Amino acid sequence: MQRVVIVIADISGYTRFMIANQTELAHSHEIISTLLEKIIAEIEIPLTVAKLEGDAVFLYFDKDTDPEGVLIRQVCHKLVRLFDAFSLKLRELAATRSCTCGACRNINQLSLKVVVHSGTALVYAIAGGMELAGVDVIVAHRLLKNSVAAHEYILVTSAARADFPLDLPVISSGVEEYEDIGQVEVTVFGIRPQ
């Protein structure tokens, strides 16, 4: 088991966007793919892309490679820049598309949320890729379905707060509860001034 920080960058509004624009599936897919590629392009070492998950990028950071916490501070800055890059790409896509289909008209309904959790995971190779397994991986994924009303935010669990010194406005602090997992204390940070 490795000590890890798990980061999931998720495109909010994906399901609604895809269902509303299913007749324009090719354009919907092209837009989502472009946004995912932008997220991945912004990710640098020390974050590692574990895999793509439909509308999300699952990343992790091996805490044992950073005993002084220098790299994790870089990760904090990178995540904030990720929101700027995502927002810029959304505006660029909206401005350059001349198509009037539903997908192209509704690009601005998409946003980005990030979930950050610290814990342990079994990291192993399978079928030419890396896989992470363990309870903390499940917790991070469950947190994608939460009670946060904001569309754009970074949700950090209490387990990750000490590892993740974000200097952003706090939207809320509270508890998310899940069957089989129980309660998870979280702090939600805003990206843009409220």
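Please read these numbers as outputs of a predicted model, since none were measured by experiment.
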Please walk me through it: do L112 and D10 pass side-chain contact (heavy atoms from CB on, under 4.5 Å)?
-> CA-CA 6 Å; L112 184 66; D10 181 70; 5.8 Å; no

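- E176 meets the salt bridge (Lys or Arg N to Asp or Glu O under 4.0 Å) test with no other residue; sequence neighbours excluded.
- Under the side-chain contact (heavy atoms from CB on, under 4.5 Å) criterion, D167 pairs with no residue at all, not counting sequence neighbours.
- Between the side chain of S111 and the backbone N or O of H151, at least one donor-acceptor pair lies under 3.5 Å.
- Judged as a ring pair (Phe, Tyr, Trp, His ring centres under 6.0 Å), and not counting sequence neighbours, the contacts of F58 are H141.
- Looking at S87, its side chain never comes within 3.5 Å of a backbone N or O of D84 through a donor-acceptor pair.
- Classification of E37 and K89 as a salt-bridged pair fails, no side-chain N sitting under 4.0 Å from a carboxylate O.
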Evaluation steps, side chain to side chain donor-acceptor pair (under 3.5 Å), between Y153 and N146 = CA-CA 12 Å; Y153 58 87; N146 57 57; 3.0 Å; yes

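- Take V115 and apply the side-chain contact (heavy atoms from CB on, under 4.5 Å) test, not counting sequence neighbours, and it matches L143, L144, L155.
- Between the CZ atom in R3 and the CG atom in D64 there is a gap of 4.5 Å [rounded to 0.5 Å].
- Of the inter-residue distances, the one linking L168 atom CG with T187 atom OG1 reads 12.0 Å to the nearest 0.5 angstrom.
- The structure places CG of L90 at 7.5 Å from CD1 of I107, a figure rounded to the nearest 0.5 Å.
- Applying the salt bridge (Lys or Arg N to Asp or Glu O under 4.0 Å) test to D66 and every residue at least two apart in sequence or in another chain returns nothing.
- A side-chain contact (heavy atoms from CB on, under 4.5 Å) with Y60 is found for one member of I8, L47, V123, V49 and no other, namely V123.
- Ion pairing between a basic and an acidic side chain is recognised when a charged N comes within 4.0 Å of a carboxylate O; D163 and K63 show such pairing.
- Neither V175 nor I154 shares a network with the other; the hydrophobic side chains, linked directly or stepwise wherever heavy atoms of I, L, V, M, F, W or Y lie under 4.5 Å apart, form separate groups for each.
- Formation of a donor-acceptor pair under 3.5 Å by the R142 side chain with backbone atoms of E179 is found in this model.
- Open room surrounds CD on E185; 12 or fewer heavy atoms of other groups in view lie less than 6.0 Å from it.
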Take L79 and V7 through the side-chain contact (heavy atoms from CB on, under 4.5 Å) test and state the conclusion after the steps.
-> CA-CA 9 Å; L79 289 184; V7 177; 4.0 Å; yes

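- Residues that satisfy the side-chain contact (heavy atoms from CB on, under 4.5 Å) test with V135, not counting sequence neighbours, are V139.
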